[in-house]
Structure formats: C-alpha cells, structure tokens
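In what follows, a structure is listed as structure tokens, so that the remarks can point back to it.
Residue numbers start from 1 in every chain, and the chains themselves are labelled A, B, ... in the order their sequence lines are given, proteins ahead of strands.
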2 protein chains.
Amino acid sequence: MRLSTRGRYGLKAMFQLALHYGEGPIPLNTIASEHDLSENYLEQLVSALRKAGLLNSVRGAQGGYMLAKDPKDITVGNILRVLEGDIAPADCVIDDTSGCDKEEGCVTKLVWMRIRDSINEVIDSISLQDMVDEQNKLLNNKA
Amino acid sequence: MRLSTRGRYGLKAMFQLALHYGEGPIPLNTIASEHDLSENYLEQLVSALRKAGLLNSVRGAQGGYMLAKDPKDITVGNILRVLEGDIAPADCVIDDTSGCDKEEGCVTKLVWMRIRDSINEVIDSISLQDMVDEQNKLLNNKA
DNA sequence: AGAATACCAAGCGATTTAGTTGGAATTAAA
DNA sequence: TTTAATTCCAACTAAATCGCTTGGTATTCT
C-alpha cells in the first residue's frame with residue numbers, strides 16, 4: 001500500500017514550487033538537486049503535471065516551471081491522481097464502471113470503499129497553500 | 001496505492017471463516033474454489049495468518065482452518081497488517097524509528113501521516129463480526 | 001492402507017518500478 | 001550570432017515485486 005516515487009517526488013516538487021509561487025519560472029535542476037532526485041526522472045513527472053494543467057512551463061534559458069494556479073486551488077489529491085491514477089485499495093472500487101461479478105452483496109467491497117473514501121477525504125482537503133502555511137508555522141515555532 | 005492480492009484474498013478468506021465460526025475446521029480447497037483462487041497460493045496467506053495467531057488449523061483428513069478468536073476480536077487491520085505489513089503511503093511514516101534525514105519540519109511527511117492515520121482508523125474500526133452483520137443486513141433487505 | 005488434508009521451501013514468468021540514454025527544440029544572454 | 005541553459009520527447013533497461021506453481025513431507029480420519 002505504498003505510493004510510488006512518482007507521487008512522493010511529485011508532491012515534493014509541487015510543494016517547492018508553491019513555496020516560490022509568483023516568483024517566475026524555476027528550473028528543474030534546482031528542484032532535483034534540492035531534493036536529491038534524478039532530474040531526468042523528475043522531468044517525466046513534471047511533464048504529466050503540465051499536461052494535466054497543474055503546471056506551466058517556460059522553455060529556453062532562464063526557463064523553468066511554475067504552478068498554473070494559486071496554491072490554494074491545487075490539492076494533494078489533484079497531484080496524486082495525475083501521478084498515481086485514482087487512489088483506491090482495490091480495482092473494484094476505482095469508479096462506478098469497475099467491479100467484479102458477484103458484486104451485489106459483496107461485503108469486502110464495502111470495506112475497500114470505506115478505505116478509499118477516507119483517503120480521498122484527506123487528500124482532497126489539503127491544498128498546497130495549506131502545506132505552505134504549515135511550513136511557516138513550523139519555522140515560526142523554531143524561531 | 002492498491003493492496004496486493006495477499007490482502008484482498010486474505011480478507012475474503014477470513015470473512016468466509018467468520019461466516020462459519022463455531023462450525024469446526026473448514027478445508028482450504030472449499031474456500032479456494034468458492035472464491036476461485038489458487039489453493040496453493042491461498043495456503044501461503046493462511047499460513048501467515050496462522051503464525052500470527054489469527055487462525056487455528058487441524059491437520060489430516062477432515063481437517064482445515066478456523067478463526068482462533070471470536071470474529072468481533074479480529075479486525076480488518078489485524079488481517080491486513082499480517083499480509084501486507086504496516087499500512088502506510090510512504091516508508092518514512094511506517095513507525096517512529098523510520099524516517100529520512102531532513103525529517104524536522106518536513107511538511108510532506110505530515111501529509112503522509114494524515115493519510116496513514118485515516119486508513120488505520122478505518123481498518124481498525126471494522127471487525128469480522130461487523131462484516132458478518134453487514135452481510136446479514138444485505139441478505140435481509142433482499143428477502 | 002489409503003485418502004484427505006495441512007505444512008514447507010524453492011523456483012519462475014510476467015509485470016511494474018525507477019530510473020537512464022540520447023537526442024531535438026526553444027530561448028535568453030554573451 | 002553563437003553559446004549555454006533549459007524544456008520536451010521517446011525509447012530502452014536493470015532490478016524488484018507480484019502472483020503464482022512445483023514438488024514434496026507430515027499428519028490424521030476412515
């Protein structure tokens with residue numbers, strides 16, 4: 001039940017971009033070296049996030065990436081779904097079109113649904129802005 | 001973020017044993033064929049559950065498996081942890097001894113913790129007895 | 001004795017993961 | 001106008017994990 005590195009690296013990258021929201025494009029190598037990640041690998045993740053409309057890019061020297069929307073309008077759920085697909089503990093509860101045969105009266109399915117819903121509730125309720133605020137709170141407590 | 005077949009098959013098997021709690025040992029092939037699973041594979045899962053103290057076994061002809069405790073005293077969490085290990089979206093939040101370097105003030109870690117906690121809350125709150133009750137409710141509604 | 005079971009350990013093909021490689025296109029700066 | 005910095009893209013690959021299978025031994029009821 002672990003997330004893959006796609007979701008984990010991706011959220012870190014998006015969070016860092018949120019910290020610098022409004023400061024113009026930030027190049028990938030900055031983000032990659034800061035978190036000690038492969039720049040080429042990160043590129044794949046960022047590419048998906050751009051195609052999903054969560055990031056904008058500026059090509060060429062002095063280019064880079066920036067959030068496509070305000071951090072308060074991007075949730076952890078938005079990011080994870082782009083990188084990991086729908087979050088669900090079993091295929092039969094991904095959406096309403098999926099499901100197995102016996103279906104009706106499958107009690108284990110109810111369990112998977114409850115797990116799914118509780119995860120989604122958490123990831124959809126946390127925005128990048130929430131994370132930035134949390135970060136500032138942590139820094140203030142230290143100072 | 002899917003559970004593996006270990007967790008999914010294992011819960012199904014345990015649920016079936018809960019439906020027949022108190023009726024003596026049930027052989028593996030019964031469970032396997034009922035759910036269309038490989039008996040040999042299921043054997044591995046059941047073996048782990050037995051070693052973890054959730055199942056008892058009776059060897060020899062007319063033998064089989066049965067729950068080691070009352071269904072109300074076995075939770076979905078008990079079962080999934082035996083078969084899948086600790087449930088957490090990232091390694092750094094498995095327990096208190098794990099974690100990365102930067103650690104202090106890692107906001108993404110807080111996100112993983114909230115996901116972890118919400119999953120655990122669900123799986124620890126559902127017992128096999130709850131599932132049996134749910135099953136009966138479904139059957140009554142149909143009748 | 002024979003059949004029905006649990007128990008055990010090793011192997012194994014397919015799939016997924018976590019990247020790497022090698023480039024082409026674009027743009028700012030020198 | 002060249003050069004360096006960057007995004008963009010597609011294909012490849014080593015390693016790990018998953019989902020079993022195989023082949024046996026031990027035990028117990030009939």
Side-chain angles (χ1 to χ4, degrees), chain A residues 1-13 17 20 23-68 80 82-86 89-91, chain B residues 1-14 17 20 23-68 80 83-86 89-91:
Chain A
M1 272 286 276
R2 304 283 183 277
L3 288 168
S4 74
T5 55
R6 289 176 61 87
R8 289 188 283 119
Y9 296 177
L11 181 58
K12 278 194 179 182
L17 289 174
H20 297 285
E23 301 176 13
I26 295 180
L28 253 199
N29 67 55
T30 302
I31 301 174
S33 63
E34 194 123 352
H35 294 282
D36 211 34
L37 306 175
S38 150
E39 182 181 342
N40 288 322
Y41 185 47
L42 195 53
E43 190 181 288
Q44 292 178 28
L45 314 184
V46 153
S47 166
L49 291 165
R50 181 178 57 84
K51 284 168 185 162
L54 300 182
L55 287 180
N56 288 332
S57 63
V58 177
R59 303 185 68 168
Q62 315 311 315
Y65 293 91
M66 48 201 175
L67 297 186
L80 293 184
V82 168
L83 296 171
E84 302 268 349
D86 276 307
D91 284 341
Chain B
M1 272 287 275
R2 304 282 183 279
L3 287 168
S4 73
T5 54
R6 290 176 61 88
R8 289 188 284 118
Y9 295 177
L11 181 59
K12 278 194 179 180
M14 289 294 280
L17 289 173
H20 297 286
E23 302 177 13
I26 296 181
L28 252 200
N29 68 54
T30 301
I31 301 174
S33 62
E34 194 123 353
H35 294 282
D36 211 33
L37 306 176
S38 149
E39 183 182 342
N40 288 322
Y41 185 46
L42 196 54
E43 190 181 285
Q44 293 177 27
L45 314 184
V46 153
S47 166
L49 291 164
R50 181 180 56 85
K51 284 168 185 162
L54 299 182
L55 287 180
N56 287 331
S57 63
V58 177
R59 302 185 68 167
Q62 315 313 315
Y65 294 91
M66 47 201 175
L67 298 187
L80 293 184
L83 296 171
E84 302 268 349
D86 276 308
D91 284 341

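For dA18(C), the OP1/OP2 oxygens have no side-chain nitrogen or oxygen of Tyr9(A) closer than 4.0 Å. At the phosphate of dC8(C), OP1 or OP2 sits under 4.0 Å from a side-chain N or O atom of Arg50(B). Within the structure, a side-chain polar atom (N or O) of Thr5(A) is placed less than 4.0 Å from OP1 or OP2 of dA18(C). For the pair Asn29(A) and dA5(D), the criterion of a side-chain N or O lying under 4.0 Å from OP1 or OP2 is not met. At the phosphate of dC9(D), OP1 or OP2 sits under 4.0 Å from a side-chain N or O atom of Lys51(A). Taking 4.0 angstrom as the limit, Ser4(A) places a side-chain polar atom (N or O) nearer than this to OP1 or OP2 of dA18(C).
Toward the 5′ end of DNA chain C lies the nearest nucleotide of Tyr41(A), the other residue of the pair Tyr41(A) and Ala61(A) mapping further downstream. With DNA chain D read from its 5' end, the first of the two nearest nucleotides for Glu43(A) and Gln62(A) is the one closest to Gln62(A).
A straight line from CD1 of Ile26(B) to C1' of dA6(C) spans 15 Å, rounded to a whole angstrom. Between the CD atom of Glu84(A) and the C1' atom of dA18(C) there is a distance of 12 Å, given to the nearest Å. Rounded to a whole Å, the CD atom of Gln44(B) is 11 Å from the C1' atom of dG11(C). With rounding to whole Å, Leu83(A) atom CG is found 12 Å from dA18(C) atom P. When rounded to the nearest whole Å, the span between CG of Asn40(A) and P of dC12(D) equals 17 Å. Following rounding to the nearest Å, Asp91(B) (CG) and dT17(D) (C1') show an atom-to-atom distance of 14 Å. The CE atom of Met66(B) sits 11 Å away from the P atom of dA6(C) (whole-angstrom rounding). Separating the CG atom of Leu55(B) from the P atom of dC7(C) is a distance of 9 Å, rounded to the nearest angstrom.
Val58(A) comes within contact range of the sugar-phosphate backbone alone, with a heavy-atom separation under 4.0 Å but no base atom that close. When heavy atoms are screened at a 4.0 angstrom cut-off, Ser47(A) is found touching no nucleic acid atom at all.
The base of dT5(C) does not come close enough to the side chain of Glu39(B) for any donor and acceptor atom to sit less than 3.5 Å apart. For a distance-only test at 3.5 Å, the side chain of Arg59(B) fails to qualify as a donor-acceptor partner of the base of dT27(D).
Rounding to the nearest 0.5 Å gives a distance of 14.0 Å between CG of Leu11(A) and CZ of Arg6(A).
Contact check for Met66(A) versus Ile26(A): no side-chain heavy atoms found under the 4.5 Å cut-off. Residues Arg50(B) and Asn56(B) fail the side-chain proximity criterion, which asks for heavy atoms closer than 4.5 Å.
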Thr5(A)/Tyr41(A) under side-chain hydrogen bond (donor to acceptor under 3.5 Å, both in side chains): CA gap, chis, key distance, verdict: CA-CA 10 Å; Thr5(A) 55; Tyr41(A) 185 47; 2.9 Å; yes
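Here dT7(D) is the nucleotide among dG19(C), dT7(D), dT5(C) with the atom lying nearest to any side-chain atom of Tyr65(A).
Of the options Leu83(A), Leu17(A), Leu67(A), a side-chain contact (heavy atoms from CB on, under 4.5 Å) to Leu49(A) is made by Leu83(A) and by none of the others.
Smallest separation of non-hydrogen atoms from Arg2(A) and Asp91(B): NE-OD1, 2.8 Å.
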